[in-house]
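Structure record follows, encoded as C-alpha cells.
Hydrogens, waters and symmetry mates are skipped; everything else that's a heavy atom, side chains included, is used. Chain letters run A, B, ... following the sequence lines, proteins first, then strands; residues in each count from 1.
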Amino acid sequence: MDEFSRLTLHVPEPAVRPGDQPDFSNVRIPKAGSVPRPEVDVDPETIRDLAFSIIRVLNREGEAVGPWAGLLSDEELLAGLRHMMLLRAFDARMLMAQRQGKTSFYMQHLGEEAVSCAFRKALRKGDMNFPTYRQAGLLIADDYPMVEMMNQIFSNESDPCHGRQLPVMYTSKEHGFFTISGNLATQFVQAVGWAMASAIKNDTRVAAGWIGDGSTAESDFHSALVFASTYKAPVILNIVNNQWAISTFQGIARGGSGTFAARGLGFGIPALRVDGNDYLAVYAVARWAADRARRNLGPTLIEYVTYRVGAHSTSDDPSAYRPKTESEAWPLGDPVLRLKKHLIVRGVWSEERHAQAEAEIMDEVIQAQKKAEAHGTLHAGGRPSVRDIFEGVYAEMPPHIRRQRQKAGY
Amino acid sequence: MDEFSRLTLHVPEPAVRPGDQPDFSNVRIPKAGSVPRPEVDVDPETIRDLAFSIIRVLNREGEAVGPWAGLLSDEELLAGLRHMMLLRAFDARMLMAQRQGKTSFYMQHLGEEAVSCAFRKALRKGDMNFPTYRQAGLLIADDYPMVEMMNQIFSNESDPCHGRQLPVMYTSKEHGFFTISGNLATQFVQAVGWAMASAIKNDTRVAAGWIGDGSTAESDFHSALVFASTYKAPVILNIVNNQWAISTFQGIARGGSGTFAARGLGFGIPALRVDGNDYLAVYAVARWAADRARRNLGPTLIEYVTYRVGAHSTSDDPSAYRPKTESEAWPLGDPVLRLKKHLIVRGVWSEERHAQAEAEIMDEVIQAQKKAEAHGTLHAGGRPSVRDIFEGVYAEMPPHIRRQRQKAGY
Amino acid sequence: MIEAVRSAMDVSMGRDEDVVVFGEDVGYFGGVFRCTQGLQAKYGKTRCFDAPISESGIVGTAIGMAAYGLKPCVEIQFADYMYPAYDQLTQEAARIRYRSNGDFTCPIVVRMPTGGGIFGGQTHSQSPEALFTHVCGLKVIVPSNPYDAKGLLISAIEDPDPVMFLEPKRLYNGPFDGHHERPVTAWSKHELGEVPEGHYTIPIGKAEIRRKGSALTVIAYGTMVHVALAAAEETGIDAEVIDLRSLLPLDLETIVQSVTKTGRCVVVHEATLTSGFGAELVALVQEHCFYHLEAPVVRVTGWDTPYPHAQEWDYFPGPARVGRAFTEAMEA
Amino acid sequence: MIEAVRSAMDVSMGRDEDVVVFGEDVGYFGGVFRCTQGLQAKYGKTRCFDAPISESGIVGTAIGMAAYGLKPCVEIQFADYMYPAYDQLTQEAARIRYRSNGDFTCPIVVRMPTGGGIFGGQTHSQSPEALFTHVCGLKVIVPSNPYDAKGLLISAIEDPDPVMFLEPKRLYNGPFDGHHERPVTAWSKHELGEVPEGHYTIPIGKAEIRRKGSALTVIAYGTMVHVALAAAEETGIDAEVIDLRSLLPLDLETIVQSVTKTGRCVVVHEATLTSGFGAELVALVQEHCFYHLEAPVVRVTGWDTPYPHAQEWDYFPGPARVGRAFTEAMEA
Ligand SMILES: Cc1ncc(C[n+]2csc(CCOP(=O)(O)OP(=O)(O)O)c2C)c(N)n1
Ligand SMILES: Cc1ncc(C[n+]2csc(CCOP(=O)(O)OP(=O)(O)O)c2C)c(N)n1
Ligand SMILES: [Mg+2]
Ligand SMILES: [Mg+2]
C-alpha cells in the first residue's frame, strides 16, 4: 500500500582506503589564470561561482598567469620561499625533538606551508590573526624568533607561556597572533569580535580567523558567519581545507555542499576558493580580502585547497585510514617546489642556490634549537616554576589560590 | 600616509520605528503562480533561485494558480480553514484567560496560522515534528483535543505535563509533536537525529524541525544543517520568518544574506521560500519536501514568509519597537481571509457560512475551556500535586530525590 | 534594581569609551527587562546594539573585542540561556590570561537575570552559579539590592578579568522575602534601594553582614538574603545573616569569623542541592570551623529537579522552609 | 580498559539492534583511543560511523534518535570538548522525560575520556564531572578498572535515562597509581583487569570498597582509587578506600557506614577544588556523620587552575599529596 520504499542512511565515504590506489580524478582543478578577478566592491551575489572554482596563479610550467598574478616582487617571492623552507625545516627538527622525548607533542605543516606564510604578507603590522595550531607560518613569516617558538614547544624555563600550554599553542600579541586554543573553532568568532571592535573604534586594523575543514562543523563557525555578515565586520575568514580531520575525510564535514567556501553563500559573504599550495594565489586572494576589509566592505570567506601530507599530530598514524601514497597523488603539488620552480623560471633562483639555502636554513634552525635547549626541554634542564601553576589565573591572585600555592609549598 | 579611511561598524536597522509610516515596498513579492515547480529529485544546485523568490498559489482575486496549485480538494480546504479559525479562536480565548490570571503566560499565532495548520496535512501519522512554541496548529490540525492543550496551559490537575512546563509547551508523541523546549533552536538538530534514526531503521517515517527567523542565529541551526546535509536525513527543516524576534527585526539574524532560505545553499540542501500566509502554497511546498524526504532524497529547507501580527508573548508590548499599524501594511495579507476568499470564489463557502462557523468555533472553544477549567486553573481549583515535582526526573526515583520529597512532606 | 544596573552601565559608558553593551533585544528596545533602556539613544548604536540570538556568538565576539582592548558588558537574556555560551565562557574567557601568560586578557562582564519566583518555569528560573564557581578564571557575583548591584557592576566592568554577573530577577522590582502571597514592596522603601547617581564601586570579594546575630550563621546571596532575614524575624532566632555578594572570589574570612562565633550554620540558595554552591560553602565551613561547630551545617536549597511551573512556591525555598532549617540547626 | 569499553559496546550492539555508536573518528578508524575499533566492520556503517566535529550535533542528533527509540552511545573525543554539547546535555537530554512527563525519554550514553596524566595540557586533561552532578536528570559514572568499565557501560546503555560515562584515560593502559616515574604496569596483572567475554552488568548507584580499613575513610573514583590505595600502602595508615563508580546517583549508604565506623574522611579527586564533586561529598559526610567525625573532612584535589602542561606532576594529586592528607586527617 505504501508507495514509498524504505529509507536508508547515507554515510559518506572517501573514495579510497589503505590498500586502494589513490585517486583524485574527481577533484576538478581549473587551469591557472582562468578564474577572473572581480573588483573588491563586487556584489557578492554575482561571484557565487568563485566558491566552486579554484583560483590559481602558477601553472605547470612555473609561470605566474592570469588576473591574480603580478602582485609580488622577486624579493618578496624569494623571502616567501625562505619562510616556507624555514617552516619546513623547523617542523622536521621539532618532529625529531618530539621523538627524542624533548617534548610531549608536535603538529607539523607539511604541504600546507604556503597558506600561512603567504597570508601573513597580505596583512599589516597591527592586524590580528586568530589561528589554529597549523598556522605557525604566520609567526615565521613575521620574523617571530624561532627560539621563542621552541621555548614554548619545550615548555622550558624561557617558555613565554611558562609551561602552561601544550606545545605549538603559541601566543604573540606583538606579532598579531592570538593565543591558540586547544578547543576547535572557538577562535573563529573571536576574530569577528576583534574586527567589530576595530570598526567600533574607527581603527584601520583588520582581523583574520582560521579554521580547519573538519572544524567548520562546529557551532562557532556559524556564530562567526552570522556576526560577520550582520555587522559587516572587517575580517577575513579562512578555512584551511587540507582534506582530513584526523582520520575523517572532508566529506563528513562538507556533506552535500560542493565546497566549504559555499558555506559563505548563505550569508551574502563573498566566498573564494584558492589553490592553497600556490604561494602567489594565496597572497593574491588574501590581499583581495584584506583590501575589502580595510575598505569597510566587510568579511570575506576563503577556502584554501591543500593537503595534509603528514600525520595529524605526533599522536597519529595516518596509514591506518588512508593510502600511504595518497599525498604523492595530490594534484596541487608541493608549495615549496612550485615556488622554487617559478623563481627559477624567472631567473632569480637556481637548484644550487636552493640546495645551499636549504643547508643554511637547516643550520639556522639547529642553532636556534641549541639556544632553546640551553633553557631546557620538557624533561631535562631548565623548567618553569611550580609557582607558575598558580600565577595568572587572575590578574591578582585571590586568597583561595594563594592558600593552595602555599599548600603546594611555593 | 594610510590609503584607507577609518572603519565603521554597520548595525542593521529596520526601515521604520514607532511613529514612522509602515513601509514594505522593499519586500519583493512575486506574482502568484510564477515560480516553477521542479521535480523532487532535482539537483539542488539548479534551483538556487527558489531561495530568493516566494512560492505563491493564491492570487489577489482568490484564485489558485500556477504549478504549485491543485493539490487539495474542497473538503480538505474547508477543513484547513476550520483549523486556522479554531487556532485563532483558541488564541483569543487563551490570551483572555491569561489576562484574567488563569495562567501565567501565553503565546499566540495571529497571522501565522497557515504555516503549522497546512504543514501538518502534508505529513502522515507517525511522522514527527520538533516544534517551537508557535506551531500549535500542528496539534489543532491533527485533532489533538483542545481541552488537553488548555489543561497544559492552566497547569491544572489534568495537565499532561503535571504542571512542570510553562504554558504552551505541549507534548504529544501520539500526535507527532515533540515536547517543546524553552531553549531556542535545540530541537532543530534533534529533528535531524530522529530522521537519521528512521533511516537507520529502514523505516518510512520522516521528521520536521521548526525554528524562528531570529533563532537561526543559534548554533544548533548549523549543527542541524551539517548533519542533515552529511547523512541526507529524511527531514524537513522549517524556518518561520515572521519578521520579528521579540523586538529584533529579522535583519539582525539574516545579516547580509538576501533570505533565510539562502542559508541552505552552503549545504547543498534544496531551499525554498514560500508565502506563509497562503494555505495552499504552504501545503504544496511542505508536500514537495515530505515527498523528497520519503523518497530518500534527503533534507529540504523551507522559509515561510509571514508576519507576527500579535505581541511576541503576553510579556511583550510591540508598540515599543514597531509601528502599531505595521501588520496592516503587511503585503501578504491574512491567511484566514485569503483562504476564505478562495473558497468563496470556488463557490463552496460564503460570508454567511463563515460568520456562522466563526460563532460555532468560538462556542466549541468556550465549551472546551469550561471543561478544562473544571480541572482548575493556575491559581484556582484542581492543581497538580507537589509530589509531581519529584517524579519523572528519572525513570526510577533515586534515593536522594526520595529524601527530598520526604523532606517536602510528600 | 533595574535602574541601578542601568545606571552602572550608563556611568561606565560615560567614563570609558571602551565600554560597549550588546545582547538580544538590548539596543533600540532596551532589553526585555529594560536594563539597557536609553543607552543606545545616549551612546549610539555602535556602543549599544542588538545581537543575533546566539549566546555563543555574543560571548565569542565579546572575547574578541576584549582581546582588542574594549570592555564589553553583554547581556544573556536569561541565565537559563547561557549554556550555548558555556564553552566560550569556561574554555576561552576564563583561560585566555592564563594560557597566554597575560599576553592577552579578557575583561568582559556577562550579565544574566537569574532565579525563579516569576512563574517562569524551568527555562526562566535557573540559578547556574555553581557551574561558574567550579571554573577557575571566572569571577561570580550575585547582588541582593540596588546599591550593591550598581557598585558591584561598575567594579565588574572595571575588573581586568571575566565576571559573571547574576541578577536575581525576582529582586528587579523590590526586595522579595519569599512571601509571594503578600503585596509586592518597592525598593523605594528599602534602605539599600537608594542608589547614588554617579560613580562608586563595591569591592569584589567582600561579603556584608546584613543582620548581626549570635545564635546561628546564615550564608546566603541574592534573593535568599531577604528570605533569610524574614526567616530570622519569623522564627525569632538570633541569626547572623551574611550576604556573600561575591561567590568567587569568596570572603571566607567573614564566614569563618561568624561561624566561629555562632557555632551553627545554615547555607541557603535557590539552585538545586547536589553540587550546588552550598556544597562548597559547607565544605569550607567544616574545614575551617570544625572545632567550633556544634551541629551539622544545614543546606536549604531548591530541590534536585527542574524548576516546575505550577508548583513554583513548593519549589522555592521560602521563609517557612528556611525557618525550619534554622530550628533544625539550633536543635541539633 | 580500552578492550573492556569496546567489548561493552560490542556486546550491546550484538544484543540490541537499537544500539548505535558514533562520534568523531569512531567509524572506520575506531576512535583516537581505539575504543570503537572493529565495530563498524562488524555492525555496518549505519550503526557505527564518523560524525562531523560538532559535539552539540553529536549529542543533539543522539537525543533525536533516542526520541525515535534508538539507544545511541556516542563518544566525545575528550571530556574537555563536551562544552559545545553542554546545552543539549543539560537543558535537553536531562529534562526530556521530566518536561514531557515521560511522553518522550532520552536513553543515551555519552562516553568521554577524562582526567590527566598524559601531558595533554589544559585541553586534554579535564575532569568535568561536577558540571554533570549538578544537573538533575543526568547519571554520572566514572569506572576505575576494566571489569567495572564493561559492566557499568552495559548498564548505562541499558539505562532508560541519559548517562555521562567518564573514562579516566590514564587508566586505559593500566592501573595507574600516580607513580609516573615508575614503569607502566598493564591491566593483565590486575585482578580487575580480567574481563568476561559476554554480557554482564554492574548496577549504577553502587559503590565498592576496594580496601577495608578502620582508621580513615577515603572516598575516590577513577584514577584516584589507585592513588588512594598506593597512599594507604605507603603511609601504612589503615584506610578504607571507597570506589564510588557512580557519582549520580550516589551510594551514600556505603559512605555513611564507613565514616560512621572510622570517624575520619578524606575525599580525593583530580578535578579542581572549588565546587568540585568533593564539596558535595564533604557536605554529605558532615550532614550524615557529624557526630561521628573526629576531624574535619580533608579534600585532596587538582589545584584551582587550568591543568598545566609542563608542571603536570605538580598538579596531579599523587600518592605523596594524598598520603599527606591521610596524615593530616589522622593527626587533626
Ligand atoms: C571542540 C573540539 N573537539 C574535538 C577536538 C579534537 N580534535 C583536535 S584536532 C581535530 C581535527 C581537526 O580537523 P581540521 O579542522 O580539519 O583541522 P586540521 O587538523 O586538518 O588542520 C579534532 C577532532 C578538539 N580539539 N576540540
Ligand atoms: C537559547 C535562548 N536564547 C534566548 C531565548 C529568549 N527568547 C525567547 S523567544 C525569543 C525570540 C525568538 O524569535 P524567533 O526565533 O524569530 O521566533 P518567533 O518568536 O518570532 O516565533 C528569544 C530571544 C530563549 N528562549 N532561548
Ligand atoms: Mg583538516
Ligand atoms: Mg520570528
Side-chain angles (χ1 to χ4, degrees), chain A residues 8-14 17 103-105 154-156 159 161-167 169 181-186 212 214-220 245-249 252-255 312 315-316 320-321 378 383-386 388-393 398 400-401 404-405 407-408 410, chain D residues 20 22 24-34 37 40 44-58 60 77-78 80-81 83-85 87 118-126 272-274 300-315 321 324-325:
Chain A
T8 53
L9 189 74
H10 170 76
V11 180
E13 272 290 319
R17 284 294 194 187
T103 187
S104 59
F105 178 79
F154 293 148
S155 281
N156 65 21
D159 170 8
C161 298
H162 290 205
R164 295 178 191 143
Q165 270 280 50
L166 213 58
M169 304 283 166
S181 174
N183 302 60
L184 295 171
T186 47
S215 307
T216 59
E218 285 285 7
S219 310
D220 286 320
I246 309 185
S247 79
T248 306
F249 91 117
I252 290 284
R254 202 199 57 218
H312 170 71
S315 312
D316 176 49
Y321 51 80
L378 182 58
R383 52 171 301 202
S385 114
V386 175
D388 282 320
I389 301 179
F390 303 93
E391 302 280 350
V393 182
H400 68 288
I401 298 188
Q404 293 177 31
R405 193 194 68 200
K407 191 143 201 176
Y410 290 84
Chain D
V20 294
F22 61 104
E24 295 157 20
D25 300 297
V26 313
Y28 183 88
F29 183 54
V32 294
F33 288 104
R34 322 314 306 273
Q37 204 183 2
Q40 181 174 81
K45 66 181 184 149
T46 65
R47 288 190 60 205
C48 175
F49 52 89
D50 286 337
I53 304 176
S54 166
E55 290 76 12
S56 62
I58 291 168
Q77 201 161 82
F78 286 84
D80 316 57
Y81 305 140
Y83 300 91
D87 189 38
I118 60 155
F119 277 101
Q122 53 184 293
T123 55
H124 302 86
S125 306
Q126 293 176 38
T272 53
L273 176 77
T274 299
V300 204
T301 71
W303 309 118
D304 275 341
T305 77
Y307 216 115
H309 174 249
Q311 304 92 329
E312 168 143 65
W313 299 119
D314 301 296
Y315 184 93
R321 211 154 100 209
R324 277 199 299 279

Considering all heavy atoms of both residues, which atom of [X] and which atom of [Y] are nearest to each other, and what is their separation?
X	Y	result
D/Pro308	A/Ile389	CG-CG1, 4.0 Å
A/Ser247	D/Phe29	OG-CB, 3.2 Å
D/Ile53	A/Ala245	CD1-CB, 3.8 Å
D/Asp314	A/Arg383	OD2-NH2, 3.0 Å
D/Thr123	A/Gly182	OG1-CA, 3.6 Å
D/Ala310	A/Pro384	CB-CG, 4.0 Å

Interatomic distance, [X] atom [atom1] to [Y] atom [atom2] [nearest 0.5 angstrom]:
X	Y	atom1	atom2	answer
A/Ser315	D/Phe33	OG	CZ	8.5 Å
D/Asp304	A/Gln404	CG	CD	4.0 Å
A/Leu184	D/Ser54	CG	OG	11.5 Å

Just give me the residue among [options] that pairs up with chain D most often, heavy atom to heavy atom, under 4.5 Å.
options	answer
A/Asn183, A/Leu9, A/Thr186	A/Asn183
A/Phe390, A/Phe154, A/Phe249	A/Phe390
A/Met169, A/Glu13, A/Arg405, A/His312	A/Glu13
A/Gly255, A/Gly214, A/Pro12, A/Ala253	A/Gly214
A/Asp316, A/Thr248, A/Val393, A/Asp388	A/Thr248
A/Ser104, A/Gly212, A/Ser181, A/Gly392	A/Ser104

Which one of D/His309, D/Glu312, D/Gln311 satisfies the side-chain hydrogen bond (donor to acceptor under 3.5 Å, both in side chains) criterion with A/Ser155? D/His309

Side-chain heavy-atom pair A/Ile246, D/Gln77 within 4.5 angstrom cut-off: yes

Look at the rings of D/His124 and A/Phe105 and say which category their plane angle falls in: under 30° parallel, 30 to 60° tilted, over 60° perpendicular. tilted

Given that the side chain runs from C-beta out, which part of [X] has a heavy atom under 4.5 Å from chain A: side chain, backbone, both or neither?
X	answer
D/Ile118	neither
D/Asp80	backbone
D/Phe49	side chain

Identify, with sequence neighbours excluded, every residue that meets ring pair (Phe, Tyr, Trp, His ring centres under 6.0 Å) alongside A/His400. none

Please list, chain by chain and in numerical order, all residues satisfying ring pair (Phe, Tyr, Trp, His ring centres under 6.0 Å) with D/Tyr307, sequence neighbours excluded. D/Tyr315

Interchain contact, A/Leu166 with chain D, by part (heavy-atom threshold 4.5 Å): both

Toward chain D, the part of A/Thr8 with a non-hydrogen atom under 4.5 Å: neither

Evaluate the side chain to side chain contact (heavy atoms under 4.5 Å, CB included) criterion for residues D/Asp25 and A/Tyr321: first the C-alpha distance (whole Å), next the side-chain angles of each, then the deciding distance (0.1 Å), finally the verdict. CA-CA 10 Å; D/Asp25 300 297; A/Tyr321 51 80; over 6 Å; no

